[in-house]
Enquirer: 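Please read through the structure below; I'll follow up with questions.
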Amino acid sequence: MFRTSCRIAWASLARRASRSVLVVVMISMSLWGLLFMEGIYDGMTEQMIGNAIRSDSGQLSLFAAGFREDPGLHRLISREGEITELLASDPRVKSFVRRLRQEGLAATAHYSRNVMIYGVDLAAEKSHGRLDGYLIEGEYGFGAKNKGVLVGARLAEKLKVKIGRKLIVSAQNSAHEVAAVALTITGIVRTNNMALDESAVFIAMDKARELFAAPQGVSQISVIVQAEKDIPALQQSLRRYFGTLQILRWDELYPALMQGRVMMQGFNLVMSLLVFGVAGLGIFGVMLVSVLERLREFGIMLAIGTSFAQVRGIIFTESFILGFTGFVAGSLLGGATLFYFYQQGLDLTIFSEGLEEFGMDVITHAVIRAKYFITAFIAVMLATFVSVLFPLHLLKKANPVEAINKV
Amino acid sequence: MFFKIAVRNIFAYAKRSIITVVLLACTTALLVFASAYMDGSHARLIQSSVEIYPGYVQITHQGFRDNPSLENLIFDAGQVSASLRDFPGIAVFAARFESFVLFSSADKAVGGMFTAIEPEKEMSISRLAASLKQGSYLTSADDALVYMGSELARRLKVGVGDQLAFVGTGADYSFAADNLTVKGIFQTGLFDFDSRASFVAKPYFDRVMAAENYATHFIVQPLRPEEAATLAAAIGRRLGPAFDAASWQQTMAGLVQAMRVDSIFGYITLAIIFIVIFFVVMIYTLLVIYARVREIGILRAVGTTPGQVLSMLLLESVLLGLASVLLGGLIGGALAWYFHIHPIVFSGFEEQFKQYGLALTAMPTDFAPLIIMRDMAIMFVLSVSATLYPIFKVNRFRPIEAIHHV
Amino acid sequence: MKTTATANRAQDIPRLGRVELCALFLLCLFLVCLPRLARADEAAEIIRQVEERLNGKTAVLKIAMVITTSRATRTMKMDSYAVGNEKSFIKITYPGKDYGITFLKIDDAMWQYVPRIEKIIKIPASMMLQSWMGTDFTNDDLVRESSISRDYDARIITENDQGYEIELLPRPEAAVVWGRLLMGVAKQELLPESVRYFDEEGVLVRTLQYTEVKQLGDRLYPSRWVMTPHDPEKAGNRTVIEITEAAFDVPIDEEYFSKRALQRFSD
């Protein structure tokens with residue numbers, strides 16, 4: 001019986017081929033556009049968030065009490081070992097890094113600038129936030145004697161320095177004395193985290209300990225978790241163990257980014273509703289006309305004993321075939337487009353000045369999520385279903401006999 | 001003749017007509033409103049960033065923007081004033097002198113900006129006066145009274161009426177220092193600005209900082225802010241090569257570009273909606289025209305030429321398109337106008353705006369009849385072109401075929 | 001964001017009499033802190049002697065400083081009291097408007113007293129470290145205790161009847177911005193004649209000349225020092241330091257090196 005319905009449905013769709021094709025094209029085009037938009041926009045927001053998380057905050061960051069309001073070497077995390085042990089043994093934690101930081105000055109023979117000096121472990125930063133991926137020039141390392149320094153891209157511009165140049169980095173150490181060290185620029189990094197690009201110099205942790213005269217303790221421990229959903233729970237448990245520390249999520253450290261994400265989600269939802277609403281209207285029109293055109297046909301079917309359920313089945317099947325074909329075509333098209341932009345990225349170099357000012361990457365890599373396709377599938381199915389309800393209602397109201405007599 | 005038939009047909013196929021008109025009108029309204037919103041919010045964002053402090057046109061001594069040292073000051077502010085006095089297109093202009101000093105309160109020493117302004121003129125140039133939070137704004141006669149950003153005041157732990165001292169470098173490189181009293185505290189909402197900026201009246205500043213007749217720059221408020229770039233160029237010509245007159249488009253190039261990127265993505269988004277609408281309109285036209293295949297066949301059979309049928313159908317779609325676009329333009333225009341007067345308020349997004357240095361949450365739409373007309377024209381073309389395929393397709397039927405078409 | 005463009009720019013305007021601070025402390029450093037000897041070869045020995053002659057264990061000086069920029073010239077006078085590299089006290093005596101402004105530097109802490117506001121201000125470390133751009137001196141001269149014999153390897157390039165030209169290359173560990181210094185030394189008095197500062201690429205950045213040798217205190221001494229920057233941005237700038245009176249290796253009252261002194265010796 002089901003096969004009959006299918007066959008009849010298929011036949012009637014084929015009879016009005018151009019109309020059916022149009023509907024399918026319409027659905028696939030709208031899906032294509034939506035998928036592209038969602039993937040690119042999400043890519044943009046996630047890249048911005050990712051940059052902040054990777055280069056600085058992690059998903060959770062631990063600081064000593066009062067550090068954020070009054071940062072300095074007098075506020076270091078002292079129970080470093082204990083925390084490290086706990087983080088290393090927690091299955092929810094994917095990776096974590098320790099950083100030591102202090103304000104200072106970077107100088108060449110010609111220029112000098114205020115900087116934030118970060119003592120880091122490059123190997124750990126690489127597996128933690130892929131810091132090496134931000135390298136735009138030079139090499140990712142501090143050289144054999146740890147005498148290298150990685151410099152933020154904008155800072156390098158302002159100091160007018162190149163790879164291999166000497167940079168004198170000075171800072172007030174924990175004994176309140178000014179200490180300085182001669183370093184060689186080994187690399188330049190662009191994280192698109194504006195604060196870092198403008199003022200960060202990364203030096204080896206050991207070098208920083210020496211320069212700052214801070215043999216123990218760290219300024220920040222940045223944590224990346226296995227699954228995003230674990231963040232609040234981990235934050236809670238860390239707070240239980242280390243109540244005095246400041247333990248903050250990335251969205252508490254970068255509230256604007258979280259708002260950006262929420263805004264983008266809202267925007268995508270509104271867009272999807274609009275597009276599917278309009279597309280649903282298209283399906284509705286086609287189904288309505290196709291039912292009305294065939295009132296006589298259906299009247300005869302009902303008169304010769306076909307049950308209304310069967311007729312209903314035929315109509316649903318028709319609508320389903322349209323929707324499903326459209327969905328498949330649109331998903332393939334949209335998926336392929338997203339995959340292209342996922343791999344190649346959308347290059348907006350011509351607007352680089354504007355994008356960089358807002359801490360956005362010049363090349364946006366699209367995001368592909370199963371969620372897009374599932375939501376789209378549900379939306380298409382819903383649209384096809386809802387759009388035949390009214391035609392069915394009309395059909396049911398229409399007296400079959402009247403319908404037969406109608407020309 | 002065609003016109004009558006077309007109108008009759010439109011009413012005869014009321015359902016199609018209504019759906020088409022509703023769809024097209026809604027889309028037109030959406031487009032009109034969306035572009036009004038985009039243009040409006042961008043203009044607002046730019047305006048607010050420009051007007052908080054930087055100003056539309058900035059005049060500096062040549063080289064100051066690249067190398068802001070005491071060597072590159074405007075050393076004859078009086079001469080610049082004289083040149084600008086009767087300059088057409090200028091509403092107000094005022095001199096400023098920006099310097100960096102060390103503030104010292106009871107037990108705190110904090111570095112900050114120490115800027116001379118002409119308080120009365122400044123009121124029509126920037127939003128400093130309007131950002132008053134406590135105490136009061138400055139007047140030209142104020143002596144050793146400072147108007148200070150809220151965050152800077154918080155860091156120094158001073159309130160209105162409290163004393164603090166500053167030490168800095170005078171314009172002649174001399175030591176400059178004095179005791180100040182906080183007259184007012186302002187809050188623009190821009191954290192960075194509020195935590196660094198402080199202002200004093202220029203006559204007082206000139207005395208303590210040895211800056212008589214000097215300025216770091218002049219800020220010009222144009223009569224028509226939208227013509228800032230032309231005005232800046234004209235001022236530049238008048239002042240000659242020793243000076244540099246830059247409009248906000250130059251001083252804030254990054255922001256301008258960011259807004260352009262946002263617009264592009266906005267239009268891409270709209271384009272996606274248009275594609276869908278385009279197909280829906282095409283589908284509906286196809287449905288209606290196919291329902292009339294027999295009628296058209298008869299028309300052809302009685303001697304109507306294909307050209308005439310084509311004209312008739314086209315006229316129908318043109319009329320429908322026109323009606324929808326007009327209706328949509330009216331609705332969209334009305335919305336744009338309404339939200340122009342009653343700006344949309346985004347509470348809860350202050351953080352994000354602030355991070356980008358934009359201290360505002362209310363976004364008025366832009367009510368620009370020309371842009372509305374442009375959008376209506378786009379929609380009209382779109383709606384008519386959506387009907388072309390069905391019209392040409394139906395016209396390819398031979399009369400007999402058409403009459404027998406079920 | 002660009003709203004703060006102007007604000008950012010303002011940061012680069014010289015702050016806090018930086019020219020003065022710099023010059024003053026540069027002066028102290030040059031005068032009092034070129035001690036310590038590393039190697040006993042000839043060049044190093046010459047440098048050691050030069051340093052010894054130029055500096056004393058303590059120094060009490062009267063100084064006039066003429067700062068010339070492309071725009072104007074102005075003169076400052078001051079009294080300076082210094083013990084080694086660690087402690088110094090400076091009082092401005094001219095122009096009258098600035099009379100009585102005092103500075104105290106003990107190790108890396110620095111205070112300033114301004115009679116007009118009757119206040120002692122501790123200059124925050126962050127500001128001491130901030131850029132001294134726009135002056136003829138770099139922060140490196142100032143904040144750090146650099147010493148030629150500690151930070152550089154010396155080598156005689158040329159030698160004639162009048163003097164030596166000595167090349168100074170920074171040691172790998174030395175935190176100095178320069179790529180190379182060339183120092184001219186007069187043979188007879190073993191006093192410096194000039195120091196040329198080069199960056200890493202060999203570009204001449206600035207020149208310091210020691211001239212007008214005369215009897216000051218217990219020794220022959222170059223009484224006029226001229227610092228000329230060569231960056232195109234600073235074309236026409238020059239700082240001249242004249243030492244009008246000097247006493248070396250005399251005891252200095254410890255009183256000068258306390259915060260109380262800032263106000264007490266201001267008059």
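This is a predicted model, so every value here is computed, not measured. Proteins come first, then strands; the chains are lettered A, B, ... in the order of their sequence lines, and each starts at number 1. Hydrogens, waters and symmetry mates are skipped; everything else that's a heavy atom, side chains included, is used.
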Enquirer: Identify which part of B:Leu286 has an atom lying under 4.5 Å from any heavy atom of chain A, answering side chain, backbone, both or neither.
Expert: side chain

Enquirer: Could you tell me which portion of A:Phe284 (side chain, backbone, both or neither) has an atom closer than 4.5 angstrom to a non-hydrogen atom of chain B?
Expert: both

Enquirer: Using heavy-atom distances under 4.5 Å, tell me whether B:Ile283 contacts chain A through its side chain, its backbone, both, or neither.
Expert: both

Enquirer: For A:Val275 and B:Ile273, which heavy atoms make the closest approach, and how far apart are they?
Expert: CG2-CG1, 4.1 Å

Enquirer: Would you find a donor on one side and an acceptor on the other, under 3.5 Å apart, between the side chain of A:Tyr41 and the backbone of B:Phe265?
Expert: yes

Enquirer: How many angstroms lie between CG in A:Leu31 and CD1 in B:Ile272, if you round to the nearest 0.5 Å?
Expert: 11.0 Å

Enquirer: Report which part of A:Leu346 has an atom under 4.5 Å of a heavy atom belonging to chain B: side chain, backbone, both, or neither.
Expert: side chain

Enquirer: Any non-hydrogen side-chain atom of A:Ser30 less than 4.5 Å from a side-chain atom of B:Phe279?
Expert: no

Enquirer: Whether the side chain of B:Tyr284 engages the backbone of A:Gly282 through a donor-acceptor N/O pair (distance < 3.5 Å, no angle test) should be reported.
Expert: no

Enquirer: Stepwise, does the side-chain contact (heavy atoms from CB on, under 4.5 Å) test hold for B:Ile268 with A:Met37?
Expert: CA-CA 8 Å; B:Ile268 290 178; A:Met37 207 189 66; 5.6 Å; no

Enquirer: Which atom names give the shortest non-hydrogen contact between A:Ser18 and B:Tyr389, and what distance separates them?
Expert: CB-OH, 3.8 Å

Enquirer: Can you tell me which portion of A:Ile40 sits under 4.5 Å from chain B's heavy atoms? Options are side chain, backbone, both or neither.
Expert: side chain

Enquirer: Minimum heavy-atom separation for A:Val278 to B:Val280, with atom names?
Expert: O-CG2, 3.5 Å

Enquirer: What I'd like to find out is whether the side chain of A:Met29 reaches to under 4.5 Å of the side chain of B:Val276, using heavy atoms alone.
Expert: no

Enquirer: With a 4.5 angstrom heavy-atom cut-off, which part of A:Leu288 approaches chain B: side chain, backbone, both or neither?
Expert: neither

